[in-house]
Amino acid sequence: MQKAKLGITVGLLGATIYLMALMGSIPLIIIAGYVLLFEENEWLKKRLLKP
């Protein structure tokens, strides 16, 4: 399993992004900004930008 720079799996980070989208815009903006700026995993970036 691939790990993100935070130390958690990429799938878990993707699920967290999905849940933050359901909760509100501020947490989503923070996590999405982190992924786009600091993560190197292409799959995660594609999942973030795909509706």
Side-chain angles (χ1 to χ4, degrees):
M1 293 186 134
Q2 292 182 339
K3 297 249 181 182
K5 288 186 179 182
L6 291 174
I8 60 175
T9 63
V10 175
L12 182 60
L13 188 54
T16 303
I17 291 170
Y18 176 77
L19 291 175
M20 289 299 129
L22 296 176
M23 295 175 87
S25 61
I26 299 298
L28 176 64
I29 291 170
I30 293 170
I31 293 178
Y34 169 78
V35 168
L36 290 175
L37 292 174
F38 298 112
E39 287 297 328
E40 298 173 1
N41 190 303
E42 291 299 320
W43 178 85
L44 187 58
K45 287 183 180 182
K46 287 179 184 176
R47 292 292 121 201
L48 175 68
L49 297 175
K50 187 175 181 180

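Here, residue 1 is the first one in the sequence, and each next residue gets the next number.
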Hey, mind stepping through Lys5 and Glu40 against salt bridge (Lys or Arg N to Asp or Glu O under 4.0 Å) and telling me if it holds? CA-CA 9 Å; Lys5 288 186 179 182; Glu40 298 173 1; 3.5 Å; yes

In this structure, would [X] and [Y] fall into the same cluster of hydrophobic residues linked by side-chain contacts under 4.5 Å?
X	Y	answer
Tyr18	Leu36	no
Ile8	Leu19	no
Leu28	Leu49	yes
Val10	Leu37	yes
Ile30	Met23	no

Distance col, row Asn41:CG vs Leu13:CG, nearest 0.5 angstrom, shows 9.0 Å

d(Ile31 CD1, Thr16 OG1) to nearest 0.5 Å is 6.0 Å

Apply the side-chain contact (heavy atoms from CB on, under 4.5 Å) test between Trp43 and each candidate in Lys45, Lys46, Arg47; give the one that qualifies. Arg47

Just to verify, what does Tyr34 make a ring-ring contact (aromatic ring centres under 6.0 Å, His included) with, not counting sequence neighbours? Phe38

Evaluation steps, side chain to side chain contact (heavy atoms under 4.5 Å, CB included), between Gln2 and Thr9: CA-CA 6 Å; Gln2 292 182 339; Thr9 63; over 6 Å; no

On a heavy-atom basis, which atom in Glu39 and which in Leu6 lie closest, and how many Å separate them?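 In terms of heavy atoms, the two residues are closest at OE2-N, 4.1 Å.
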
